[in-house]
Amino acid sequence: MADSKKRYYRKNVELFVLLNKVKLWPARSGVLHGIKTIELCGKYAVITTHCGETLRIYNSRNSRAARWLRNKWAVKPCKACKVPEWKLEKYSKTFFDSHYGSDLQHRE
């Protein structure tokens, strides 16, 4: 992919908005799963990954998943999800800053 620009997002964005934008889910084992669908159910959401896992998550800015996405602690892609290389490259060029970047509010 020729697009190699850096992307900046606010550090304290809501988890659901961030997941809709990034379309990646960090598992506790350190594996990045590709998100197929996100169904919002109030404070909760049901996420279905490309490898068939279904997760029910709570919308929290300080959750483990939100922290792992911001700090990029999960870097190994899931082999069953087959996350494309361009998506991993785009994620690696994404930065989170507390005073600079898009807050993704206009995307909801």
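To the nearest 0.5 Å, atoms CZ (R10) and NE2 (H99) are separated by 8.5 Å. We find the CD1-NZ distance between I38 and K23 to be 4.5 Å, quoted to the nearest 0.5 Å. Atom OG1 of T49 is separated from atom CH2 of W25 by 11.0 Å, given to the nearest 0.5 angstrom. Distance check: Y8 OH to D97 CG gives 8.0 Å after rounding to the nearest 0.5 Å. Expressed to the nearest 0.5 Å, how far OH of Y44 lies from CG of N59 amounts to 10.5 Å. To the nearest 0.5 Å, the span separating NE2 on H33 from CD1 on I47 amounts to 11.0 Å.
V46 and C41 get closest at one heavy-atom pair: CG2-SG, 4.5 Å. Across every non-hydrogen atom of K43 and F16, the tightest pair is O-CZ, 3.5 Å. When all heavy atoms are compared, the tightest approach of C51 to A80 is CB-CB, 3.5 Å.
Linking ILVMFWY side-chain heavy atoms closer than 4.5 Å, directly or via other members, places L24 and V13 in a single hydrophobic cluster. Connection of L40 to L18 is established within a shared hydrophobic cluster, with ILVMFWY side chains joined at heavy-atom distances below 4.5 Å, either directly or through further cluster members. F95 and V75 sit in two unconnected hydrophobic clusters of ILVMFWY residues. Membership requires side-chain heavy atoms under 4.5 Å apart, directly or through other members. Taking hydrophobic clusters as Ile, Leu, Val, Met, Phe, Trp and Tyr residues chained together by side-chain heavy-atom distances below 4.5 Å, V22 shares a cluster with V17.
Side-chain contact between L19 and I35 is present, with heavy atoms from C-beta onward closer than 4.5 Å. For the pair L15/Y58, no side-chain contact is recorded, criterion being any heavy-atom separation below 4.5 Å from C-beta on. Taking 4.5 Å as the limit, some side-chain heavy atom of K21 sits within range of a side-chain heavy atom of Y9. Side-chain contact check for P26 versus L69: some heavy-atom pair is nearer than 4.5 Å. Taking the side chain as every heavy atom from C-beta outward, V83 and Y91 never approach each other to under 4.5 Å. H50 is not listed as a side-chain neighbour of K82, based on a closest heavy-atom distance of 4.5 Å or more.
With hydrogens and angles disregarded, a donor-acceptor distance shorter than 3.5 Å links the side chain of K72 to the backbone of T94. A donor-acceptor pair is defined here as one N or O able to donate and one able to accept, closer than 3.5 Å; such a pair exists between the side chain of R67 and the backbone of N62.
Applying the salt bridge (Lys or Arg N to Asp or Glu O under 4.0 Å) test to R61 and every residue at least two apart in sequence or in another chain returns E14.
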